[in-house]
Amino acid sequence: QVQLVESGGGLVQAGGSLRLSCAASGRTFSSFAMGWFRQAPGKEREFVAGISRSGGSTYYTDSVKGRFSISGDNANNTVYLQMNSLKPGDTAVYYCAATVVISTRSVDYSYWGQGTQVTVSS
């Protein structure tokens with residue numbers, strides 16, 4: 001069992017930055033690949049970024065490449081999502097999730113946090 005708790009969301013102006021954190025407890029953090037997803041009102045939940053168990057591989061959806069960066073800190077059981085050059089279209093609830101093998105599909109993730117709201121104003 002893994003418990004995930006996100007933090008770091010908030011309101012920011014377009015062009016600004018936020019760093020989301022996802023603290024994990026329970027099973028060994030390094031046993032899982034981690035992903036960040038987001039869901040805007042009326043839209044499907046979508047993959048944003050992922051990092052492999054080793055931390056050696058990262059993946060991003062096209063719309064955030066070059067602006068967002070995912071990283072992991074195994075010593076502190078925490079994964080981060082650094083978000084720069086934010087746009088109003090990035091407004092959503094952001095969720096972190098854990099899976100055995102990295103995937104872009106939400107159905108492949110077994111553990112989810114409660115989500116943190118990110119709002120980008122124009």
Side-chain angles (χ1 to χ4, degrees):
Q1 195 75 3
V2 176
Q3 294 78 43
L4 303 174
V5 179
E6 303 98 334
S7 61
L11 173 64
V12 64
Q13 289 189 330
S17 297
L18 284 173
R19 188 176 79 158
L20 305 183
S21 299
C22 175
S25 60
R27 285 179 57 184
T28 305
F29 180 70
S30 59
S31 299
F32 296 94
M34 301 295 295
W36 284 97
F37 289 77
R38 66 186 179 187
Q39 188 166 20
K43 294 190 177 181
E44 301 264 331
R45 188 170 297 189
E46 66 168 344
F47 174 81
V48 176
I51 187 166
S52 62
R53 282 184 290 177
S54 68
S57 298
T58 57
Y59 306 85
Y60 301 92
T61 193
D62 286 346
S63 63
V64 308
K65 284 180 182 176
R67 300 189 298 123
F68 290 11
S69 177
I70 187 171
S71 61
D73 181 352
N74 284 350
N76 291 304
N77 288 348
T78 302
V79 64
Y80 302 99
L81 185 67
Q82 178 66 44
M83 306 187 296
N84 299 326
S85 302
L86 283 161
K87 305 175 181 180
D90 295 317
T91 296
V93 178
Y94 283 71
Y95 300 89
C96 72
T99 185
V100 175
V101 178
I102 189 68
S103 171
T104 62
R105 304 191 317 157
S106 61
V107 295
D108 292 331
Y109 287 76
S110 300
Y111 304 101
W112 292 83
Q114 82 289 350
T116 185
Q117 176 70 46
V118 171
T119 303
V120 184
S121 63
S122 57

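Below, each value reflects all heavy atoms present in this structure, side chains not excepted, and no hydrogens, waters or symmetry copies. Throughout, residue positions are numbered sequentially from 1 according to the sequence presented. All of these numbers come straight from a predicted model, not from anything done at the bench.
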Holding to side-chain contact (heavy atoms from CB on, under 4.5 Å), I want the full list of residues that pass it with [X], two or more places apart in sequence or in another chain.
X: Glu44; result: none
X: Tyr109; result: Phe37, Phe47, Ala97, Thr99, Ile102, Ser103, Trp112
X: Ala92; result: Arg38, Ala40, Tyr94
X: Ser71; result: Tyr80

List the atom of [X], the atom of [Y], and the distance in Å for their closest heavy-atom pair.
X: Val79; Y: Ile51; value: CG2-CG2, 4.1 Å
X: Tyr60; Y: Ala49; value: CD2-CB, 3.6 Å
X: Ala14; Y: Ser122; value: CB-CA, 4.4 Å
X: Val2; Y: Leu4; value: CG1-CD2, 3.6 Å

Disulfide (SG to SG under 2.5 Å) contacts touching residues 62-122 (sequence neighbours left out): Cys22-Cys96

Phe32 six-ring face occupied by Arg53 cation (under 6.0 Å, within 45°): no

Side-chain (Ser54) to main-chain (Ser52) donor-acceptor, under 3.5 angstrom: no

Main-chain N/O of Ala75 paired with Asp73 side-chain donor or acceptor, under 3.5 Å: yes

If we only count heavy atoms from C-beta on, is the [X] to [Y] side-chain gap below 4.5 Å?
X: Val93; Y: Thr116; value: no
X: Tyr111; Y: Gln1; value: yes
X: Gln82; Y: Leu20; value: no

Listed once per pair and sorted, the side-chain hydrogen bond (donor to acceptor under 3.5 Å, both in side chains) pairs that draw on residues 8-19, sequence neighbours left out: Ser17-Asn84

Which residues share a salt bridge (charged side-chain N to carboxylate O under 4.0 Å, His left out) with Lys65, sequence neighbours left out: Asp62

Partner set under salt bridge (charged side-chain N to carboxylate O under 4.0 Å, His left out) for Arg67, not counting sequence neighbours: Asp90

Members besides Val101 in its Ile/Leu/Val/Met/Phe/Trp/Tyr cluster (side-chain heavy atoms under 4.5 Å): Val100

Hydrophobic cluster partners of Leu11 (side-chain heavy atoms under 4.5 Å): none

Summary of salt bridge (charged side-chain N to carboxylate O under 4.0 Å, His left out) pairs that have at least one residue in residues 1-11, sequence neighbours excluded: none

Salt bridge (charged side-chain N to carboxylate O under 4.0 Å, His left out) contacts touching residues 100-116 (sequence neighbours left out): Arg105-Asp108

Derivation of the side chain to side chain contact (heavy atoms under 4.5 Å, CB included) call for Val48 and Leu81: CA-CA 10 Å; Val48 176; Leu81 185 67; 4.3 Å; yes

Return the [atom1] to [atom2] distance between [X] and [Y], rounded to the nearest 0.5 Å.
X: Ser106; Y: Arg45; atom1: OG; atom2: CZ; value: 7.0 Å
X: Trp36; Y: Glu46; atom1: CH2; atom2: CD; value: 14.5 Å
X: Ser63; Y: Lys87; atom1: OG; atom2: NZ; value: 7.5 Å

Shared hydrophobic cluster for Leu18 and Ile70 (ILVMFWY, side-chain gaps under 4.5 Å): yes

Single-linkage hydrophobic cluster Tyr95~Phe68, side-chain heavy atoms < 4.5 angstrom: no

Step-by-step side chain to side chain contact (heavy atoms under 4.5 Å, CB included) determination, Met83 to Val12: CA-CA 11 Å; Met83 306 187 296; Val12 64; over 6 Å; no

